[in-house]
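Below is one structure, written out as C-alpha coordinates, with a few remarks after it.
Fair warning: this is a prediction, and the values are worked out from it, not measured in the lab. Atoms within a ligand are numbered from 1 in the order they appear, just like the ligands themselves.
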Amino acid sequence: MHTDLFADFRQPEQNLLPVDGIVQDYGFIFPEDQADVYFQSLYCHTPWQHDEVVMAGQRIQTQRQIAWYADASQNYVYSGVSHASLPWTALLLDIKTAIQDQLHTHFNACLLNLYHDGQEGLAWHSDNEPIWGKQPTIASLSLGASRRFVFKHKITQQKYELTLHHGQLLVMRGQTQNHWLHSLPKMAKVDQPRINLTFRYYL
Ligand SMILES: O=C(O)CCC(=O)C(=O)O
Ligand SMILES: [Mn+2]
(Lines give C-alpha, C1' and ligand atoms only; values in the text may rest on other atoms or scores of the structure.)
(Ligands and ions follow the chains in the order given, each with its own letter.)
Protein backbone atom coordinates (compact mmCIF):
# COMPACT_ATOMS: atom_id res chain seq x y z
CA MET A 1 0.00 0.00 0.00
CA HIS A 2 1.39 3.41 -0.85
CA THR A 3 1.14 4.77 2.68
CA ASP A 4 3.60 2.12 3.92
CA LEU A 5 5.97 2.63 1.03
CA PHE A 6 6.17 6.35 1.60
CA ALA A 7 5.55 6.62 5.33
CA ASP A 8 7.64 9.79 5.68
CA PHE A 9 6.86 11.04 2.21
CA ARG A 10 4.83 14.12 3.11
CA GLN A 11 7.25 17.02 3.48
CA PRO A 12 5.38 20.08 2.23
CA GLU A 13 7.65 22.41 4.19
CA GLN A 14 10.49 21.52 1.83
CA ASN A 15 10.79 23.56 -1.40
CA LEU A 16 11.69 21.24 -4.28
CA LEU A 17 12.96 24.09 -6.49
CA PRO A 18 16.49 25.43 -5.88
CA VAL A 19 15.65 29.05 -6.87
CA ASP A 20 12.98 31.36 -8.32
CA GLY A 21 9.83 29.57 -7.22
CA ILE A 22 8.19 27.24 -4.75
CA VAL A 23 7.02 23.68 -5.41
CA GLN A 24 5.82 21.60 -2.47
CA ASP A 25 5.00 17.94 -2.26
CA TYR A 26 2.07 17.21 0.06
CA GLY A 27 2.32 13.47 -0.58
CA PHE A 28 -0.74 11.23 -0.53
CA ILE A 29 -3.64 13.33 0.69
CA PHE A 30 -6.31 10.61 0.30
CA PRO A 31 -6.36 6.96 1.39
CA GLU A 32 -5.69 4.73 -1.60
CA ASP A 33 -9.24 3.31 -1.79
CA GLN A 34 -10.65 6.83 -1.77
CA ALA A 35 -8.28 7.85 -4.58
CA ASP A 36 -9.44 4.72 -6.49
CA VAL A 37 -13.08 5.85 -6.19
CA TYR A 38 -12.22 9.37 -7.35
CA PHE A 39 -10.27 8.04 -10.34
CA GLN A 40 -13.00 5.63 -11.47
CA SER A 41 -15.76 8.18 -11.10
CA LEU A 42 -13.88 10.95 -12.92
CA TYR A 43 -12.71 8.56 -15.63
CA CYS A 44 -16.26 7.31 -16.35
CA HIS A 45 -18.42 10.37 -15.74
CA THR A 46 -16.42 13.42 -16.86
CA PRO A 47 -17.54 14.88 -20.23
CA TRP A 48 -14.02 14.62 -21.60
CA GLN A 49 -13.21 16.63 -24.70
CA HIS A 50 -10.14 16.56 -26.87
CA ASP A 51 -8.08 19.66 -26.36
CA GLU A 52 -7.17 21.91 -29.25
CA VAL A 53 -3.96 23.83 -29.54
CA VAL A 54 -2.91 26.30 -32.22
CA MET A 55 0.52 25.50 -33.65
CA ALA A 56 1.96 27.47 -36.56
CA GLY A 57 -1.49 28.90 -37.22
CA GLN A 58 -3.10 25.43 -37.39
CA ARG A 59 -5.66 24.08 -34.96
CA ILE A 60 -4.53 20.67 -33.80
CA GLN A 61 -6.57 18.22 -31.71
CA THR A 62 -4.68 16.53 -28.91
CA GLN A 63 -5.17 12.90 -27.93
CA ARG A 64 -5.12 14.06 -24.31
CA GLN A 65 -8.60 15.09 -23.14
CA ILE A 66 -9.65 17.85 -20.82
CA ALA A 67 -12.56 19.22 -18.82
CA TRP A 68 -12.72 22.70 -17.35
CA TYR A 69 -14.77 23.48 -14.23
CA ALA A 70 -15.22 26.90 -12.66
CA ASP A 71 -17.43 28.89 -10.27
CA ALA A 72 -19.06 31.16 -12.83
CA SER A 73 -19.50 30.44 -16.51
CA GLN A 74 -15.92 31.55 -17.02
CA ASN A 75 -14.34 30.70 -20.33
CA TYR A 76 -10.73 29.66 -20.23
CA VAL A 77 -8.65 30.75 -23.21
CA TYR A 78 -5.26 29.25 -23.82
CA SER A 79 -3.24 28.38 -26.89
CA GLY A 80 -5.69 30.61 -28.73
CA VAL A 81 -8.68 28.31 -28.01
CA SER A 82 -11.62 29.12 -25.73
CA HIS A 83 -13.05 26.47 -23.37
CA ALA A 84 -16.52 26.93 -21.80
CA SER A 85 -16.65 26.03 -18.12
CA LEU A 86 -18.74 23.22 -16.62
CA PRO A 87 -20.61 23.54 -13.29
CA TRP A 88 -18.94 21.82 -10.31
CA THR A 89 -19.96 18.25 -9.50
CA ALA A 90 -20.42 17.05 -5.89
CA LEU A 91 -17.34 14.85 -6.23
CA LEU A 92 -15.12 17.67 -7.50
CA LEU A 93 -16.39 19.93 -4.72
CA ASP A 94 -15.43 17.21 -2.18
CA ILE A 95 -11.91 17.07 -3.59
CA LYS A 96 -11.68 20.86 -3.81
CA THR A 97 -12.82 21.28 -0.20
CA ALA A 98 -10.30 18.72 1.08
CA ILE A 99 -7.45 20.48 -0.75
CA GLN A 100 -8.61 23.96 0.30
CA ASP A 101 -8.77 22.86 3.94
CA GLN A 102 -5.29 21.41 3.76
CA LEU A 103 -3.73 24.43 2.02
CA HIS A 104 -5.88 27.19 3.59
CA THR A 105 -6.30 28.51 0.05
CA HIS A 106 -9.48 29.06 -1.97
CA PHE A 107 -9.82 27.86 -5.56
CA ASN A 108 -12.52 28.78 -8.09
CA ALA A 109 -11.51 26.66 -11.07
CA CYS A 110 -10.13 23.26 -11.97
CA LEU A 111 -8.65 21.91 -15.19
CA LEU A 112 -8.83 18.14 -15.60
CA ASN A 113 -6.46 16.34 -17.93
CA LEU A 114 -6.87 12.72 -19.02
CA TYR A 115 -3.80 10.97 -20.45
CA HIS A 116 -5.03 7.63 -21.79
CA ASP A 117 -1.57 6.08 -21.57
CA GLY A 118 2.12 6.96 -21.72
CA GLN A 119 1.88 7.90 -25.41
CA GLU A 120 0.19 11.10 -24.28
CA GLY A 121 1.92 13.88 -22.37
CA LEU A 122 2.01 17.62 -21.98
CA ALA A 123 4.64 19.82 -23.64
CA TRP A 124 6.78 22.43 -21.88
CA HIS A 125 4.69 25.38 -20.71
CA SER A 126 4.04 27.61 -17.75
CA ASP A 127 0.65 28.59 -16.42
CA ASN A 128 1.41 32.30 -16.61
CA GLU A 129 -1.72 33.65 -18.31
CA PRO A 130 -2.82 36.99 -16.76
CA ILE A 131 -6.10 35.52 -15.41
CA TRP A 132 -4.10 33.50 -12.85
CA GLY A 133 -2.42 36.60 -11.41
CA LYS A 134 1.29 37.27 -11.01
CA GLN A 135 2.12 34.56 -8.48
CA PRO A 136 -0.56 31.87 -8.76
CA THR A 137 -0.95 29.01 -6.34
CA ILE A 138 -1.81 25.90 -8.38
CA ALA A 139 -2.66 22.66 -6.57
CA SER A 140 -2.11 19.59 -8.74
CA LEU A 141 -3.68 16.26 -7.77
CA SER A 142 -2.57 13.12 -9.61
CA LEU A 143 -4.76 10.02 -9.98
CA GLY A 144 -4.05 6.76 -11.80
CA ALA A 145 -0.77 5.82 -13.46
CA SER A 146 2.49 7.16 -12.03
CA ARG A 147 4.17 9.61 -14.40
CA ARG A 148 7.34 11.71 -14.52
CA PHE A 149 6.91 15.45 -14.09
CA VAL A 150 9.73 17.83 -14.96
CA PHE A 151 10.52 21.48 -14.25
CA LYS A 152 12.99 23.45 -16.42
CA HIS A 153 14.29 26.91 -15.53
CA LYS A 154 13.54 29.37 -18.35
CA ILE A 155 17.01 30.97 -18.30
CA THR A 156 19.48 28.44 -16.90
CA GLN A 157 17.67 25.33 -18.29
CA GLN A 158 18.30 23.67 -14.91
CA LYS A 159 15.90 20.77 -14.40
CA TYR A 160 14.12 19.24 -11.45
CA GLU A 161 12.24 15.98 -11.94
CA LEU A 162 9.95 13.87 -9.79
CA THR A 163 7.42 11.08 -10.24
CA LEU A 164 3.79 11.82 -9.42
CA HIS A 165 1.76 8.95 -7.99
CA HIS A 166 -1.92 8.05 -7.48
CA GLY A 167 -3.38 10.37 -4.83
CA GLN A 168 -0.37 12.70 -4.60
CA LEU A 169 -0.75 16.48 -4.27
CA LEU A 170 1.89 18.85 -5.64
CA VAL A 171 1.59 22.61 -5.16
CA MET A 172 3.27 25.29 -7.30
CA ARG A 173 3.49 28.76 -5.79
CA GLY A 174 5.19 32.16 -5.85
CA GLN A 175 7.44 32.84 -8.84
CA THR A 176 7.29 29.28 -10.20
CA GLN A 177 5.25 30.10 -13.34
CA ASN A 178 7.39 33.15 -14.12
CA HIS A 179 10.74 31.38 -14.04
CA TRP A 180 10.07 27.69 -14.69
CA LEU A 181 8.43 25.62 -17.39
CA HIS A 182 6.90 22.24 -16.58
CA SER A 183 6.08 19.20 -18.68
CA LEU A 184 4.71 15.68 -18.47
CA PRO A 185 7.00 13.60 -20.72
CA LYS A 186 5.64 10.70 -22.72
CA MET A 187 6.52 7.32 -21.20
CA ALA A 188 6.19 4.56 -23.77
CA LYS A 189 6.01 1.79 -21.18
CA VAL A 190 3.03 3.22 -19.30
CA ASP A 191 -0.16 1.49 -20.50
CA GLN A 192 -2.56 2.81 -17.87
CA PRO A 193 -4.46 6.11 -17.80
CA ARG A 194 -3.72 9.06 -15.57
CA ILE A 195 -5.98 11.93 -14.54
CA ASN A 196 -4.58 15.21 -13.30
CA LEU A 197 -6.59 17.96 -11.61
CA THR A 198 -5.12 21.45 -11.29
CA PHE A 199 -7.07 23.63 -8.89
CA ARG A 200 -6.57 27.29 -9.65
CA TYR A 201 -7.87 30.76 -8.85
CA TYR A 202 -8.74 33.09 -11.70
CA LEU A 203 -8.97 36.84 -11.07
O1 LIG B 1 -0.77 16.55 -15.84
C2 LIG B 1 -0.06 17.24 -15.10
O3 LIG B 1 0.49 16.77 -14.10
C4 LIG B 1 0.17 18.70 -15.40
C5 LIG B 1 -0.97 19.42 -16.00
C6 LIG B 1 -0.61 20.83 -16.29
O7 LIG B 1 0.50 21.26 -16.19
C8 LIG B 1 -1.65 21.76 -16.73
O9 LIG B 1 -2.81 21.36 -16.92
O10 LIG B 1 -1.34 22.96 -16.90
MN1 LIG C 1 0.62 23.44 -16.29
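Rounded to 10°, the angle formed at the Mn ion (ligand 2) by NE2 of H125 and NE2 of H182 is 90°.
Residue H182 has at least one heavy-atom neighbour below 4.0 Å for each of these atoms of ligand 1: 7 (O). Interface of D127 with ligand 1, defined as ligand atoms under 4.0 Å from a residue heavy atom, comprises 10 (O). Those atoms of ligand 1 with a heavy atom of F149 less than 4.0 angstrom away are 3 (O), 4 (C). Atoms of ligand 1 lying under 4.0 Å from any heavy atom of L111, numbered from 1 in the order shown and given with element: 9 (O).
Proximity of L197 to I195: side-chain heavy atoms (C-beta onward) are separated by under 4.5 Å at one or more points. Y43 places a side-chain heavy atom less than 4.5 Å from the side chain of P193. Annotation: side chain of L112 is not in contact with side chain of W68 (no heavy-atom distance under 4.5 Å).
For F149 and F151, the distance between ring centers is under 6.0 angstrom.
Within a 6.0 Å radius of NZ in K186, other residues, nucleotides and ligands contribute 12 heavy atoms or fewer.
Residue S142 has no N or O atom closer than 3.5 Å to an N or O atom of ligand 1.
Summarising the geometry, atom NZ belonging to K154 is positioned 11.5 Å from atom CH2 belonging to W180; distances are rounded to the nearest 0.5 Å. Within the model, atoms CZ of F107 and CG of D71 stand 12.5 Å from one another, a figure rounded to the nearest 0.5 Å. Expressed to the nearest 0.5 Å, how far CG of L86 lies from OG1 of T46 amounts to 9.0 Å.
Among the heteroatoms counted here (N, O or S) of D127, OD2 is the one nearest to the Mn ion (ligand 2).
Taking atom 9 (O) of ligand 1 as the reference point, the nearest protein heavy-atom neighbour is N113 ND2, 2.9 Å. Protein heavy atom closest to atom 3 (O) of ligand 1, with residue, atom name and distance, is R194 NH2, 2.8 Å. With respect to atom 6 (C) of ligand 1, the closest heavy atom belonging to the protein is L122 CD2, 3.4 Å. For atom 1 (O) of ligand 1, the closest non-hydrogen atom of the protein is Y115 OH, 2.6 Å.
Assignment of R200 to the shell around ligand 1 is supported, since a heavy atom sits closer than 4.0 Å.
Under 4.0 angstrom from ligand 1, there are no non-hydrogen atoms of R148. Under 4.0 Å from ligand 1, not a single heavy atom of R147 appears.
Using modelled atom types and a 3.5 Å distance limit, the side chains of R173 and Q24 yield a donor-acceptor pair.
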